[in-house]
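Labels below follow one simple rule: chain letters A, B, ... track the order of the sequence lines, proteins then strands, and each chain is numbered from 1.
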Protein chains: 2
Amino acid sequence: MFTLAEENYLKAIFHLENDCGTGVTTNAIADKMDTRASSVTDMIQKLADKKVISYQKYKGASLTKKGKSIAVNIIRKHRLWEVFLVEKLDFQWDEVHEIAEQLEHIKSNELIQKLDSFLGHPDFDPHGDPIPDTNGYIKPTEKKLLSKLKKNQQGICVGVKESSAKFLQYLDTRKIGIGSSIKVIDKEDFDQSMTIQVSNKQFFITKQISENLYLKTI
Amino acid sequence: MFTLAEENYLKAIFHLENDCGTGVTTNAIADKMDTRASSVTDMIQKLADKKVISYQKYKGASLTKKGKSIAVNIIRKHRLWEVFLVEKLDFQWDEVHEIAEQLEHIKSNELIQKLDSFLGHPDFDPHGDPIPDTNGYIKPTEKKLLSKLKKNQQGICVGVKESSAKFLQYLDTRKIGIGSSIKVIDKEDFDQSMTIQVSNKQFFITKQISENLYLKTI
DNA sequence: TTTAAAATTTAGACAAGACTAAAAAATAAA
DNA sequence: TTTATTTTTTAGTCTTGTCTAAATTTTAAA
């Protein structure tokens, strides 16, 4: 059985490894977990003892099969709870992350199986992130960062990379959400800022925004 | 903010105080929490520092107004989650306690308020225990232990005192549940054992059983 | 009312998980 | 390639919540 702290480290390592494709450094983990590098060293040594990560001194860490499976299960729980909060309890999509961070650690396989049924086996959470299935399989989705699109290309918003409340509220005030159709009207070479069109309205957005919106191009 | 351990102590002290009407002893808490008296001493000193219990050395502890309000809120959450698990996720009444023990510690007032609405503001949990309202008010219910009834008296089962899975399963196999009509057919003076009738079937039950079933008499 | 037993508290230790400061290793710069 | 910088690890400390063993207080018995 894993403690709350251990589960959070596994989740963080999973996300980092996923984003960068490679093994993750001590500092990267410390950064993500908002803790000190020395604390991370302690923990990754413990996790290595438990065979959930492979780790060599000074060489960073990466999840073992077992570690990955635990991490994915936590993410599955997180995303299912998010669906519950939005679909059943009428939360806004920017309000659910913190609560799901707590709920994801509830230990009961039967609970998650029943919750999944109750929600009708959803494929995506309210931010467009795919929900891993019972076996930990995550359906690969072809999605592109808005920042990768060129002038005049368009697509449907299928997810957000960053999901902080502030960013989500930024999107809300501009009526951008999962399913929104977005077209690049203009793109500035110099700083990658864009003018986009969302249902007849045009907005100017910075690179920071376009790098956090996933689209399915048409 | 209170830690998980602190919350569990407050809840235990609340239940003990409620059952016995009086301040609770260190040993009673240790017993309930399945821990050592010395650990309890440590914790109740900490809780006294935080002004949630009043405590004098060697004299036992009792909740302050603030402590009581925290404890009741945890109990409210526990019981609401139990309703959710049984009503929405189709759990049996003997399966929900452990999961609710985890869920009761999730911190979010908005979550509980929305959960309560979603469930239609239930008054009782699946074991017949009243759900405290937002202000911590617990509607007093006139219920009697089956063990207090005399020969030929009858009532409707409105709750169970003990709610271990084993006891609940014992009731299930005899088709006794919340709402069952129970009549005392015979009562043995010597050991308080009874013969009871539940919808045309008669059962012999020991004092241990009759002391854990609450009835509303008619 | 003095003594014996039970209950409670103190003292000291330990594990988990975090921290600071300092040492060691790896990487980048000159 | 040697030096400087950054990264990582070690050593030692702290807090929370637990434990055992011993000391103290309270309660029950003689």
Side-chain angles (χ1 to χ4, degrees), chain A residues 1-14 16-17 19-63 67 70-71 74 101-102 104-105 107, chain B residues 1-14 16-17 19-63 67 70-71 74 101-102 104-105 107:
Chain A
M1 201 58 75
F2 290 82
T3 66
L4 198 144
E6 288 169 340
E7 289 193 349
N8 282 331
Y9 272 92
L10 289 174
K11 193 174 47 133
I13 295 168
F14 177 88
L16 289 168
E17 215 171 347
D19 287 357
C20 310
T22 157
V24 296
T25 66
T26 303
N27 265 358
I29 300 171
D31 207 59
K32 182 132 202 164
M33 303 276 302
D34 199 27
T35 185
R36 297 303 180 142
S38 56
S39 309
V40 174
T41 301
D42 288 347
M43 182 55 94
I44 61 184
Q45 282 169 352
K46 197 162 81 167
L47 292 174
D49 289 345
K50 291 198 173 189
K51 314 275 187 209
V52 286
I53 64 174
S54 55
Y55 161 65
Q56 282 175 281
K57 270 190 198 174
Y58 296 101
K59 300 288 180 181
S62 67
L63 294 175
I70 293 167
I74 297 165
E101 288 279 300
Q102 299 179 62
E104 73 189 5
H105 299 289
K107 285 169 179 58
Chain B
M1 199 58 72
F2 290 81
T3 66
L4 197 144
E6 288 169 341
E7 290 194 349
N8 282 331
Y9 272 93
L10 289 175
K11 191 173 48 131
I13 295 168
F14 177 87
L16 288 168
E17 215 172 347
D19 288 357
C20 310
T22 158
V24 297
T25 66
T26 303
N27 265 359
I29 300 170
D31 206 60
K32 182 132 199 163
M33 303 276 302
D34 200 28
T35 185
R36 298 301 181 145
S38 56
S39 309
V40 174
T41 300
D42 287 346
M43 182 56 94
I44 60 183
Q45 282 169 352
K46 196 161 83 170
L47 293 174
D49 288 347
K50 291 198 173 187
K51 315 273 187 210
V52 287
I53 64 174
S54 56
Y55 160 65
Q56 284 174 279
K57 271 190 195 175
Y58 296 102
K59 302 287 181 184
S62 66
L63 295 175
I70 295 166
I74 297 166
E101 289 278 298
Q102 298 180 63
E104 72 189 5
H105 299 289
K107 283 169 180 57

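- For the segment residues 25-33 of chain A, the set of residues with a heavy atom within less than 4.0 Å of an atom of DNA chain C is empty.
- Comparing A:A37 and B:K59 against DNA chain C, the residue whose closest nucleotide sits nearer the 5' end is B:K59.
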I'd like a table of donor-acceptor pairs (distance under 3.5 Å, sequence neighbours excluded) in which one partner is a side-chain atom from residues 50-61 of chain B, with atom names and distances.
| from | atom 1 | to | atom 2 | distance (Å) |
| --- | --- | --- | --- | --- |
| B:K50 | NZ | B:E6 | OE1 | 3.3 |
| B:K50 | NZ | B:E6 | OE2 | 3.1 |
| B:S54 | OG | B:S62 | O | 3.4 |
| B:S54 | OG | B:S62 | OG | 3.3 |

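- Atom pair B:I44:CD1 and D:dT18:P shows a separation of 13 Å (rounding to whole Å applied).
- When distances are taken from the side chain of A:Y55 to each of D:dT9, D:dT18, C:dC19, the shortest belongs to D:dT9.
- Between A:Y9 and C:dA16 there is no side-chain polar atom (N or O) within less than 4.0 angstrom of OP1 or OP2.
- Side-chain N/O atoms of B:Y58 include none lying less than 4.0 angstrom from OP1 or OP2 on C:dT10.
- Counting only heavy atoms from C-beta on, A:D42 has its side chain closest to C:dA18 among C:dT9, D:dT9, C:dA18.
- To the nearest 0.5 Å, the span separating CD1 on A:I44 from CG on A:D49 amounts to 11.5 Å.
- A:T35 places no side-chain N or O within 3.5 Å of a backbone atom of A:D31 that could act as its donor or acceptor partner.
- Side chain of B:E7 to backbone of B:I74: no donor-acceptor contact under 3.5 angstrom is found.
- Here the C1' atom of nucleotide C:dA18 and the CG atom of A:D34 are 12 Å apart, to the nearest Å.
- Dashed line: the shortest gap from a side-chain N or O of A:S39 to OP1 or OP2 of C:dA18 is not under 4.0 Å.
- Between the CD atom of B:Q45 and the P atom of D:dT18 there is a distance of 14 Å, given to the nearest Å.
- In this structure, B:A71 and B:L10 approach most closely via the heavy-atom pair CB-O, 3.8 Å.
- Across the protein-nucleic acid pair, A:E6 atom CD and C:dA15 atom C1' stand 12 Å apart, rounded to whole Å.
- Nucleotide D:dT16 holds its P atom 12 Å from the CG atom of B:L47, rounded to whole Å.
- If you take CE of B:M43 and C1' of D:dT15, they are 12 Å apart, rounded to a whole angstrom.
- Of the candidates D:dT26, D:dA21, C:dA18, D:dA21 carries the atom nearest the B:S38 side chain, counting heavy atoms from C-beta on.
- Judged by distance alone, with hydrogens and angles left aside, the side-chain atoms of A:Q102 form a donor-acceptor pair with the main-chain N or O of B:K107 at under 3.5 Å.
- In this structure, B:T3 does not reach the D:dT16 phosphate: none of its side-chain N or O atoms is under 4.0 Å from OP1 or OP2.
- Residue A:K57 has no polar side-chain atom (N or O) positioned under 4.0 Å from OP1 or OP2 of D:dT7.
- To the nearest 0.5 angstrom, B:T3 atom OG1 is 8.5 Å from B:N8 atom CG.
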